[in-house]
Amino acid sequence: MITGAVKAVYDFSPEFVFFADATPGQTNQQTIQVKRLDGKPLQITKTELTKEFLKVTLIPETNSPVHAAKLVVDVRATGQPEQFSDILTVYMENSTKPAFLIPLAGRLLGAVQLEPDSLVWKIPNPDRWPGPNAEAATTRTLIVTSARTDRPFNIGDFASSFDELLVKVVNWRSTRSLRSP
């Protein structure tokens, strides 16, 4: 039987990076601290990501020995809502294989958000529909908001593919201010 001990050469923290709710027009940033533990210089030569909206910047630590650095990962939301994952691959000088991998994940928000994301009309008895409370049975509210803070939010024409469905746009802020004391 052969036994041995494995000593880590690199230490990085965090070991997993999560971006929560990346908003269009904004850049979210996470910093990864990297150290070389064997006393040799940390010589990161290349980093790789597969997603176009992710970018990494290497910042050497100026107030510490040459075996530490920061990797700053930026995510710039595209405006399309999606959940994503990627792997940050880090290479060192004179190596063709990655020194270490850091998983990344997050959620990109869409430029326009809907609440709720779908509308449902339940019709328990079509012969008596809409029933005694016609307003509640036939009306649904959909709140449309913009996740972008860098430009005005203008809503154009709303329409429905159902001819019988009436769509009415109400400015929520002005309606809300009329109801407030």
Side-chain angles (χ1 to χ4, degrees), residues 6-120 140-159 169 171-173 176:
V6 177
K7 253 179 121 173
V9 176
Y10 305 103
D11 179 47
F12 52 92
S13 178
E15 295 179 359
F16 174 80
V17 177
F18 182 74
F19 293 93
D21 297 344
T23 306
Q26 304 286 322
T27 299
N28 289 19
Q29 214 172 62
Q30 296 285 344
T31 301
I32 303 164
Q33 302 287 338
V34 181
K35 294 178 187 172
R36 185 153 182 165
L37 302 174
D38 61 1
K40 295 179 182 176
L42 179 68
Q43 296 177 324
I44 297 174
T45 56
K46 181 171 80 167
T47 58
E48 291 179 342
L49 292 162
T50 62
K51 306 287 187 203
E52 291 181 16
F53 53 82
L54 293 170
K55 181 182 116 186
V56 65
T57 305
L58 173 65
I59 303 173
E61 290 283 343
T62 55
N63 59 350
S64 70
V66 294
H67 51 272
K70 292 179 185 175
L71 295 172
V72 179
V73 183
D74 293 331
V75 61
R76 183 133 179 109
T78 61
Q80 295 299 317
E82 70 174 283
Q83 292 184 4
F84 70 90
S85 63
D86 203 346
I87 300 288
L88 172 59
T89 308
V90 181
Y91 294 88
M92 298 297 163
E93 186 174 72
N94 300 324
S95 178
T96 57
K97 294 183 180 180
F100 54 89
L101 308 169
I102 302 172
L104 310 170
R107 184 171 80 162
L108 304 179
L109 296 179
V112 175
Q113 298 190 356
L114 306 174
E115 173 135 353
D117 56 7
S118 64
L119 297 176
V120 177
R140 298 293 182 267
T141 300
L142 178 67
I143 299 173
V144 181
T145 56
S146 173
R148 297 200 66 144
T149 58
D150 62 334
R151 59 176 70 164
F153 181 50
N154 296 314
I155 297 179
D157 292 333
F158 268 80
V169 177
N171 184 334
W172 181 71
R173 285 195 176 109
R176 187 173 147 202

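Sequential numbering from 1 along the given sequence is applied to the chain's residues. Keep in mind that this is a model prediction, so the values were computed, not measured.
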Atom pairs and distances, side-chain donor-acceptor, residues 96-109, under 3.5 Å, sequence neighbours left out:
{"residue": "Arg107", "atom": "NE", "partner": "Asp21", "partner atom": "OD1", "Å": "2.7"}
{"residue": "Arg107", "atom": "NH2", "partner": "Asp21", "partner atom": "OD1", "Å": "2.3"}
{"residue": "Arg107", "atom": "NH2", "partner": "Asp21", "partner atom": "OD2", "Å": "3.2"}

**Message:** Does Val72 form a side-chain contact (heavy atoms from CB on, under 4.5 Å) with Val56? I'd like the steps, not just the answer.
**Reply:** CA-CA 5 Å; Val72 179; Val56 65; over 6 Å; no

**Pairwise distance CD(Glu61) to CD(Gln33) - rounded to 0.5 angstrom** = 5.5 Å

**Message:** Tell me whether Asp86 contacts the main-chain N or O of Thr50 through its side chain, where contact means a donor paired with an acceptor under 3.5 Å.
**Reply:** yes

**Prompt:** Are the side chains of Leu42 and Met92 in touch, meaning some heavy atoms are under 4.5 Å apart?
**Reply:** yes

**Item:** Spacing of Gln80 atom CD and Phe53 atom CZ [to the nearest 0.5 Å]
**Value:** 11.5 Å

**Reported CZ-to-CG distance for the pair Phe19 and Leu54, which is rounded to 0.5 angstrom** = 6.5 Å

**Message:** Nearest 0.5 angstrom please: Ile32 CD1 to Phe12 CZ, how far?
**Reply:** 8.5 Å

**Complete:** Here the gap from Lys51 atom NZ to Glu82 atom CD, rounded to the nearest 0.5 Å, amounts to 6.5 Å

**Prompt:** For atom CD of Glu15, is the number of surrounding heavy atoms from other residues, nucleotides or ligands below 6.0 Å larger than 12?
**Reply:** no

**Request:** State the CG-CG distance between Asn28 and Asp74, to the nearest 0.5 angstrom.
**Result:** 9.0 Å

**Item:** Least distance between heavy atoms, Gly79 atom then Pro24 atom
**Value:** CA-CG, 3.7 Å

**Request:** Let me see the working for Val90 and Leu71 under side-chain contact (heavy atoms from CB on, under 4.5 Å), right down to the final yes or no.
**Result:** CA-CA 10 Å; Val90 181; Leu71 295 172; 3.9 Å; yes

